Amino acid sequence: MSEAYTRRKFLKSGALVAAAMIAPAKSALAVEKRREVITVTGAVDAMALHNTLTHEHILVDFIGAENINPPRWNREQVIERILPYLEDAKSAGCQTFVDCTPNYLGRDV
């Protein structure tokens with residue numbers, strides 16, 4: 001890695017702190033808007049999410065974007081297979097699950 005510029009050097013340089021100090025103050029309205037998360041069921045107050053798994057995948061199909069379609073898998077079998085893992089996560093304290101599966105890998109909201 002180049003000695004001239006690395007992420008670690010940047011962070012140590014305090015550039016982020018300096019940038020935050022000179023950034024314009026945000027209005028109360030802007031701060032409130034930032035606390036809202038848009039979900040598949042609508043807007044949710046970010047504080048209501050609690051313990052969150054932020055980058056998960058229920059199903060991933062690597063066949064390729066041109067061949068992806070829901071009939072390739074049985075939805076009931078997928079649910080039956082993954083449900084115990086989701087229940088374990090919930091019993092361990094997870095209250096929110098963010099599925100980041102893109103459409104070309106089998107997203108099925």
Side-chain angles (χ1 to χ4, degrees):
M1 176 165 274
S2 167
E3 197 52 38
Y5 180 81
T6 65
R7 181 176 183 272
R8 182 169 289 145
K9 278 187 172 185
F10 174 73
L11 293 173
K12 284 183 178 178
S13 73
L16 290 178
V17 174
M21 290 171 50
I22 59 175
K26 302 216 183 265
S27 70
L29 179 60
V31 171
E32 287 303 312
K33 281 190 126 186
R34 235 181 2 168
R35 294 182 182 174
E36 185 176 80
V37 176
I38 306 303
T39 72
V40 293
T41 58
V44 174
D45 183 318
M47 298 305 289
L49 299 179
H50 301 287
N51 294 325
T52 303
L53 291 174
T54 59
H55 189 119
E56 305 304 319
H57 304 279
I58 298 268
L59 178 137
V60 176
D61 188 345
F62 290 107
I63 192 167
E66 64 281 349
N67 297 315
I68 255 323
N69 60 60
R72 281 191 39 79
W73 53 88
N74 180 308
R75 179 181 258 177
E76 293 304 315
Q77 286 179 343
V78 171
I79 292 169
E80 184 179 321
R81 180 83 185 251
I82 195 67
L83 190 57
Y85 296 101
L86 295 175
E87 289 170 339
D88 285 349
K90 183 177 182 179
S91 67
C94 176
Q95 293 170 297
T96 305
F97 182 96
V98 180
D99 188 320
C100 296
T101 307
N103 193 37
Y104 59 87
L105 290 180
R107 177 179 62 222
D108 184 359
V109 227

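None of these values were measured; they are calculated from a predicted model.
The distance from the CG atom of Leu59 to the CZ atom of Arg81 is 11.0 Å, given to the nearest 0.5 Å. Between the CG atom in Asn67 and the CZ atom in Phe62 there is a gap of 14.5 Å [rounded to 0.5 Å].
In this structure Asp108 satisfies the side-chain hydrogen bond (donor to acceptor under 3.5 Å, both in side chains) test together with Arg75, sequence neighbours excluded.
If you chain together hydrophobic residues whose side chains sit under 4.5 Å apart, Val78 and Leu86 fall into the same group. Criterion: ILVMFWY side-chain heavy atoms under 4.5 Å apart, direct or through other members. Under it, Tyr85 and Leu53 are part of a common hydrophobic cluster.
Residue Glu80 qualifies as open at atom CD: its count of foreign heavy atoms under 6.0 Å is 12 or below.
Between the side chains of Thr41 and Thr39, at least one donor-acceptor pair of N or O atoms lies under 3.5 Å.
Using a 4.5 Å heavy-atom cutoff, the side chains of Ile68 and Tyr104 are not in contact.
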For residues 91-100, dump all side-chain donor-acceptor pairs below 3.5 Å to protein atoms at least two apart in sequence or in another chain.
{"residue": "Ser91", "atom": "OG", "partner": "Glu87", "partner atom": "O", "Å": "3.4"}
{"residue": "Ser91", "atom": "OG", "partner": "Asp88", "partner atom": "O", "Å": "3.0"}
{"residue": "Thr96", "atom": "OG1", "partner": "Leu49", "partner atom": "O", "Å": "2.6"}
{"residue": "Asp99", "atom": "OD1", "partner": "Thr101", "partner atom": "N", "Å": "2.8"}
{"residue": "Asp99", "atom": "OD1", "partner": "Thr101", "partner atom": "OG1", "Å": "2.5"}
{"residue": "Asp99", "atom": "OD2", "partner": "Ile58", "partner atom": "N", "Å": "3.0"}

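Between His57 and Val60, the closest heavy-atom pair is CB-CG2, 3.4 Å.
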Evaluation steps, side chain to side chain contact (heavy atoms under 4.5 Å, CB included), between Glu36 and Asp45 = CA-CA 5 Å; Glu36 185 176 80; Asp45 183 318; over 6 Å; no
